[in-house]
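All ligand and atom numbering here is 1-based and tracks the order in the structure.
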Amino acid sequence: MSFPPDFVWGVAASAYQIEGAAAVDGRGPSIWDTFCRTPGAVFQGHTGDVACDHYHRAAEDVGLIGEIGARAYRLSIAWPRVMPDGVGRVNAKGLAFYDRLVDRLLAAGVEPYVTLFHWDYPEALYHRGGWLNRESADWFAEYTHGVVGALSDRVTHWMTLNEPQVFLKFGHADGTNAPGLKLPLAEQLLATHHVLLAHGRGMQALRAAARRPVKAGWACVCVVKYPRTPADVDAARAGTCGVAEPNLWNNTWHNDPVFRGEYPADGLRVFGGAMPKVDDADMGIIRQPMDFLGVNIYEGQPVRADEHGAPVACVRPAGYPTTAFHWPVEPESLYWGPRFMHERYGVPVYITENGLSNTDWVSLDGQVHDPQRIDFTRRYLLALRRARADGVDVRGYFHWSLMDNFEWSAGYRERFGLVHVDFGTQARTLKDSARWYRTVIERNGENL
Ligand code: FCB
């Protein structure tokens with residue numbers, strides 16, 4: 001059992017989490033700059049002002065990707081760096097940063113996979129209503145057109161949005177992420193509809209602006225329910241592909257419109273009167289040809305079938321393994337998540353994020369020993385390899401993350417990197433896991 005020879009081995013990061021240089025070279029403010037200044041919003045008041053200072057250390061960081069041996073790097077573009085007001089004026093210096101980065105990556109033999117929006121929404125557009133404003137779809141299309149026009153002579157792989165579930169639910173319902181809103185359900189659904197329209201209009205802009213044939217998709221959270229026993233597979237599938245509760249934490253409310261041009265019937269029932277009025281033509285905009293689906297998977301929920309075949313969450317025993325973030329270690333999620341998504345949507349799947357936060361530090365010997373990250377990744381990759389062997393069309397795996405970085409409302413508390421970052425000195429140290437991952441890439445997973 002092995003991965004196909006063209007399997008894409010990558011690492012991932014995002015703009016706000018690593019770049020820093022928040023007020024450098026004409027970057028406009030994003031909602032995360034503002035959120036970080038809200039008392040109590042982010043762990044110990046941390047901000048992304050400096051982060052990993054990647055904006056000034058990109059050459060060194062591309063070198064690290066080379067040392068890890070990754071063939072691909074998933075990065076995101078900071079919308080307010082390229083368009084400080086969100087629309088209109090393009091900031092040439094901001095765009096030039098990504099232009100150089102792409103050149104550096106290609107020169108190092110690393111394929112860029114570019115996400116257009118990874119949560120750092122332009123503050124200026126937020127003040128015009130943000131995702132609650134239907135025009136937000138046009139704003140995103142304008143921005144996308146500009147970026148793709150500039151970089152698609154060299155960048156082939158594109159993603160529109162990262163994890164709509166997270167920035168909508170945590171940002172607009174729970175208030176724990178930027179912009180910190182706690183909207184009623186009807187407005188959450190309206191914002192979601194506009195996000196889906198933005199995806200659709202973004203895909204159209206992408207194809208229109210592309211200077212060469214491109215491969216385009218988006219990267220969603222994959223909320224995985226997996227079977228405890230073989231008898232529970234149908235229940236797990238129903239759980240993974242259903243909307244059971246009146247909130248945005250699911251797969252199909254986001255992906256069915258995109259891949260099938262319709263909201264799922266169970267969701268329409270669950271959301272009932274809170275559902276906005278939807279123009280039929282909108283669904284045609286939202287459903288654009290998709291070359292792939294990116295799924296971000298960190299964990300899953302074991303379920304069993306009840307007497308009617310419905311999924312019931314299994315309680316994990318006390319002392320169940322968890323990461324530093326207290327996320328459960330659930331390798332099965334990397335088998336069943338891609339499998340259920342591939343079954344339902346029929347497109348190639350990429351694991352656009354997977355990894356863990358761990359209590360890593362630099363040891364007395366100057367090295368960073370992180371056996372948990374090696375064991376975690378090994379277990380998850382074995383599950384993914386099994387999915388491949390069972391016919392799931394998974395094309396690549398991007399480890400989150402290239403390096404320790406700003407973990408949103410958890411600030412710098414959670415270390416997800418293959419590379420350790422000392423946030424005082426900006427010193428980078430390859431962790432043991434980075435050297436191990438290199439061997440996995442070299443052997444194409446045969447040594448797992
Ligand atoms: C995902 C985000 C990513 C990172 C990981 C740990 O939800 O897409 O930016 O924070 O979680």
Side-chain angles (χ1 to χ4, degrees), residues 10-20 30-32 35-36 41-43 46-48 51-52 54 73-79 113-121 159-174 176-178 195 199 217-224 248-251 254 293-300 322-330 333-334 337 350-360 370 372-373 376-377 380 397-421 423 431 433:
V11 290
S14 89
Y16 189 71
Q17 294 179 273
I18 64 169
E19 285 179 6
S30 84
I31 56 171
W32 269 96
F35 190 68
C36 289
V42 175
F43 177 71
H46 296 169
T47 76
C52 307
H54 170 71
Y73 173 47
R74 176 169 178 242
L75 65 120
S76 80
I77 309 267
W79 185 346
Y113 280 62
V114 175
T115 307
L116 287 151
F117 176 67
H118 199 128
W119 307 356
D120 41 2
Y121 195 76
M159 283 149 277
T160 54
L161 311 173
N162 180 68
E163 295 189 347
Q165 294 101 327
V166 172
F167 71 81
L168 284 161
K169 184 171 189 298
F170 298 168
H172 296 75
D174 304 343
T176 53
N177 276 22
V195 164
H199 163 80
W218 74 341
C220 277
V221 170
C222 186
V223 183
V224 185
L248 301 170
W249 198 252
N250 64 66
N251 303 304
H254 309 268
L293 169 62
V295 289
N296 297 352
I297 297 177
Y298 291 88
E299 53 166 307
T322 61
T323 69
F325 225 155
H326 305 297
W327 295 358
V329 178
E330 300 282 9
S333 60
L334 219 55
Y350 286 86
I351 308 303
T352 33
E353 288 181 25
N354 169 250
L356 74 159
S357 70
N358 195 38
T359 51
D360 308 316
D370 57 342
Q372 288 87 351
R373 183 167 285 99
F376 175 103
T377 308
Y380 277 66
Y397 171 88
F398 290 81
H399 193 84
W400 184 275
S401 178
L402 165 61
M403 54 187 163
D404 296 338
N405 59 46
F406 176 78
E407 180 44 40
W408 308 113
S409 59
Y412 298 96
R413 191 189 65 207
E414 302 297 327
R415 293 184 176 274
F416 274 90
L418 292 165
V419 176
H420 181 276
V421 178
F423 295 106
K431 300 180 189 176
S433 58

* Look at the rings of Tyr121 and Trp79 and say which category their plane angle falls in: under 30° parallel, 30 to 60° tilted, over 60° perpendicular. => perpendicular

* To do: Look at the aromatic rings of Trp408 and Trp32 and report parallel, tilted or perpendicular, splitting at 30° and 60°.
  => tilted

* Whether Glu414 lies under 4.0 Å from ligand 1, heavy atom -> no

* To do: Would you please determine whether Trp119 falls within less than 4.0 Å of ligand 1 on a heavy-atom basis?
  => yes

Tell me the protein heavy atom at minimum distance from [atom], and give that distance in Å.
atom                    : answer
atom 3 (C) of ligand 1  : Glu353 OE1, 3.4 Å
atom 7 (O) of ligand 1  : Glu163 OE1, 2.5 Å
atom 10 (O) of ligand 1 : Glu407 OE1, 2.7 Å

Quick one: which ligand 1 atoms are inside 4.0 Å of a heavy atom on [X]?
X      : result
Gln17  : 3 (C), 4 (C), 9 (O), 10 (O)
Tyr298 : 5 (C), 6 (C), 11 (O)
Phe416 : 6 (C)
Trp408 : 3 (C), 4 (C), 9 (O), 10 (O)

* Structure fact -> By ring pair (Phe, Tyr, Trp, His ring centres under 6.0 Å), Phe406 pairs with (sequence neighbours left out) Tyr16, Tyr412

* Asked: Is it the case that Arg413 places NZ or CZ above or below the six-membered ring of Phe43, under 6.0 angstrom from the centre and within 45 degrees of the axis?
  ->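 Flagged: Arg413 positioned over aromatic ring of Phe43.
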
* **Part of Val221 within contact of ligand 1 (heavy atoms, under 4.0 Å)** => neither

* Between Gln17 and Ser14, does any side-chain donor sit less than 3.5 Å from a side-chain acceptor? -> yes

* Kindly indicate whether the side chain of Asn358, heavy atoms from C-beta on, has any atom under 4.5 Å from the side chain of Arg415. => no

* Would you confirm whether the ring centroid of Phe170 sits within less than 6.0 angstrom of the ring centroid of Trp249? =>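 Close enough - the centres of the two rings lie under 6.0 Å apart.
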
